[in-house]
Structures are given as structure tokens and as C-alpha cells.
Amino acid sequence: MKELSKINSRVQASSTLAVDARYKQMKADGIPVVGFGAGEPDFDTPDHIKQAGIQAILDNQTRYTPTAGTTPLRKAVSARLKEDLGVEFPWDCIVVSSGAKHCLYAVMYTLLDPGDGVILPAPYWVSYAEQIRMTGGVPVIVDAPESQNFKISPAQLEAAITPRTKALVLNNPSNPTGMIYSREELQGLADVCVRHDLYIISDEIYYTLCYDGKPFTSMAALGEEVRKRCILINGVSKAYAMTGWRCGYAACGDKRVATVMSNCLSHSTGSIGAMNQAAMLEALTGPQDSVEEMRRVFQERRDYLVSRLNQIEGVSCIRPEGAFYVMMNLEKLVGRTLGGRVIRDADDFSMVFLEKGLVAVVSCCGFGAPNFVRWSYAVSMDTIREGLDRLERFLKEG
Ligand code: PMP
Ligand code: GLU
């Protein structure tokens with residue numbers, strides 16, 4: 001039989017989703033494993049949002065809608081961005097699609113021709129690199145080491161640019177590092193992007209989850225020259241605990257981007273479910289108290305996880321400022337034998353920690369950071385306590 005697509009045959013399944021699937025299977029098999037894998041809030045979708053979805057079904061909102069979303073929903077996105085971030089995106093520059101993940105994919109194929117470069121700071125969320133490749137682009141990785149608080153500098157960005165560079169992907173606050181670029185740091189990167197006429201794919205899906213009063217600045221808030229190059233990616237999965245509803249959006253600084261994206265989506269997914277859009281509308285326009293309540297709980301969990309991790313011999317972490325992830329540095333464990341396996345990198349560690357320590361964490365080998373594993377603290381405090389007790393025991397027993 002003939003070969004499958006050369007480009008897409010090389011794509012690896014999402015390592016974040018794979019860890020989660022493995023953890024769930026072990027659990028279903030009766031193995032007492034605890035999981036810090038998938039980055040998905042453990043809270044339930046707030047009731048008023050669920051009710052809006054149910055009511056939409058009862059009201060027969062069960063048909064196709066315009067591809068980019070209903071007009072009230074796109075207007076609600078535009079209003080929420082203005083209220084929360086002080087940025088102005090006309091409603092017809094908003095494209096709603098099936099989760100921020102699919103919006104990102106749609107942005108990639110809207111912007112890229114084969115061979116175009118996209119700059120990606122590492123550690124990066126695994127799906128960016130694969131999506132760039134899936135759409136014929138070339139990820140250009142720029143290292144953002146722990147010693148730089150996992151952030152890249154304007155000089156590093158500038159040095160990575162070639163005539164084939166089309167865009168920068170920036171995730172702020174970041175998955176997996178939890179770090180937040182300040183307004184000044186963003187401005188430095190934005191200046192380089194404007195000078196080299198790059199698009200800025202700014203994934204701000206964790207913007208409601210910033211801790212210790214750290215202010216959040218949207219990339220698009222840095223003036224018109226920057227805003228028009230931005231494609232803001234966002235959604236309701238994290239802020240409103242709505243991962244399964246598959247609702248996300250792209251806010252496009254350039255109307256052409258929204259048009260091409262929507263045209264392409266009209267031949268692939270079409271619109272997302274009408275009832276899901278009704279729930280998303282309620283999330284964006286209804287009471288916002290649950291967003292702050294969840295943020296507060298996440299911050300308590302982060303504090304506990306970070307302080308205990310740093311008391312455990314052999315591992316360490318810096319203090320993340322947002323999102324719900326901690327990067328555990330395991331450099332000191334490299335070369336040691338744990339659970340009968342020599343640890344060469346995070347893949348080895350995460351494998352043996354799952355099999356012998358019965359704790360699922362995500363290896364950051366697939367995130368461009370092979371000496372780190374990611375702990376998601378979107379789990380209960382009891383689970384965090386248990387996971388850390390197991391880590392202590394696992395490292396002591398060797
Ligand atoms: N961007 C980042 C940085 C994420 O961590 C996630 C989580 N899966 C997404 C986008 C996608 O979110 P969703 O598709 O659920 O809206
Ligand atoms: N963003 C989450 C994570 O990084 C969800 C899983 C995924 O979509 O990759 O774990």
C-alpha cells in the first residue's frame with residue numbers, strides 16, 4: 001500500500017494526554033496510582049454555565065451556527081477581552097473553534113507555508129511544536145533555561161530570526177513553566193517582532209491564573225503596531241473548568257487572519273456545537289466569582305507543592321507565578337539508579353516513578369527540557385500531599 005503523509009506520519013501522540021490515559025488505565029485496573037499529568041482543572045463546570053448548555057438544548061439550539069461562532073458569542077469575547085485585558089478586538093476579528101488547541105492549529109495553517117519558521121521558546125507545551133510541523137512549518141527552538149526564569153530575552157529572539165521566520169509563539173503565563181513575562185519583558189520581545197514584521201501568536205489561556213498579585217499584561221495591550229500583529233489565543237477550559245466543552249477562540253489583530261481561518265474552518269470543523277457556544281456565552285457574560293475562587297485554591301496548592309518540593313533532597317523547583325504547573329528539576333538524579341533503572345533523563349524518571357513510585361508526572365523531554373518533569377497541581381491538596389510523600393519515599397528507597 002502507498003505511504004501515508006510523510007509530514008503527519010512523524011507526528012507523535014500528545015505526551016500530556018498519553019500520560020493521562022496511562023494513569024487512568026492503571027487506576028481502572030485497580031492500581032493505587034496518583035496523577036499529576038494532564039493540565040485540566042479538577043473543579044466542576046459552575047452550575048450556571050451547565051444550566052445554560054442544558055437550556056440551549058431544550059430551546060432547540062441544536063443546529064449549525066456561523067463557522068466562527070454566533071454573533072452574541074463573538075461580541076461577548078470581544079467585551080471580555082476589553083474588560084479583563086484592556087484590549088480592543090472588533091467582534092468580527094474573533095474566531096471561535098473547538099478549544100484553544102484547534103484555534104492554534106487553525107492559526108498555524110492560516111499563517112504558514114511549507115518551510116516557514118516559527119520561533120518557540122523552550123520549555124514549550126508539546127502541541128505547539130507538533131502543530132507547526134503538521135502544517136509544514138519549522139519550529140525554531142530558543143532555549144529559555146531555568147537560570148533565566150524560563151524566559152527568552154529580546155537578544156535571543158533577534159538572533160533566531162531569519163528571512164523565513166513568520167511568527168513567534170509565546171505562552172504567557174506558561175505551560176509548563178508557570179512563569180509570567182512582565183510588561184517590560186513583553187515590550188522588549190514585541191519591539192523585535194515589530195522590527196522584523198513577525199506575527200505574534202500569544203497564547204494567554206492561563207491569564208486568570210496569576211498569583212501573589214502579579215499583574216498580567218496581554219501582548220495585544222502594547223499598542224496598535226503590536227496588536228495588529230497579534231493573534232491572541234484563549235478559551236474557557238482553564239478559567240471556567242470547561243475542558244470537555246471544547247470551546248476556544250482566536251482574536252486576530254488583522255482581519256485577514258480571521259477571514260482565512262474562518263474560511264478554512266468552514267471546510268473542516270464548521271462551527272462548534274450550538275449548545276456549547278451557549279454555555280461559553282454564559283461563562284463569559286455571567287457571574288465571574290468562580291474564576292477568583294478557583295485561582296485562590298490553585299495558589300494555596302502551588303505554595304504547598306513548591307515549599308515541600310524544595311525540602312526534598314535531590315530535586316528542586318523555582319516558584320511559578322501563574323498557570324497550574326511546577327517544573328521539577330531532576331539534574332541531580334541523572335546517573336543515579338532508581339527503582340532498578342539508571343536515570344538518564346526525564347523520560348526515564350517519569351517512567352520508573354509511575355511504575356514503582358505509583359505517581360504520574362509529565363516528562364519534559366517532549367517539551368524541550370529533558371532534565372525536568374512537570375507536576376500539574378490541578379488536583380486536590382490530599383493528592384498533592386500523597387504524591388510528595390511518595391516522592392520522598394521513592395527517592396529514599398532508591
Ligand atoms: N494552550 C495551552 C498552553 C494549554 O495548556 C492548553 C491545554 N490543553 C491549550 C492551549 C488548549 O486548551 P483547550 O483546547 O482545552 O482550550
Ligand atoms: N494543556 C493540558 C496539558 O498540558 C491538557 C492536555 C493537552 O491538551 O495537552 O496537560
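Both counts, for ligands and for their atoms, begin at 1 and track the order of listing. Worth knowing before you read on, the calculation uses all heavy atoms, side chains too, and leaves out hydrogens, waters and symmetry mates. Starting from 1, each residue takes its place in the sequence as its number.
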Without swapping roles, check the side chain of Asn310 against the backbone of Cys317 for a donor-acceptor pair under 3.5 Å. yes
Expected output: side-chain Arg374 to main-chain Tyr325 donor-acceptor under 3.5 Å: no
Can you tell me which portion of [X] lies within the under-4.0 Å heavy-atom range of ligand 2? Options are side chain, backbone, both, or neither.
X      : answer
Val362 : neither
Asn175 : side chain
Glu40  : neither
Phe324 : neither

Heavy-atom distance to atom 5 (O) of ligand 1: which of Tyr105, Tyr124, Tyr206 wins? Tyr206
With a cut-off of 4.0 Å, which atoms of ligand 1 are near a heavy atom of [X]?
X      : answer
Arg246 : 13 (P), 14 (O), 15 (O)
Asn175 : 3 (C), 4 (C), 5 (O)
Ser237 : 13 (P), 15 (O), 16 (O)
Lys238 : 5 (O), 6 (C), 7 (C), 8 (N)
Asn171 : 3 (C)

Short N or O distance, Ser127 and ligand 2, threshold 3.5 Å exclusive: no
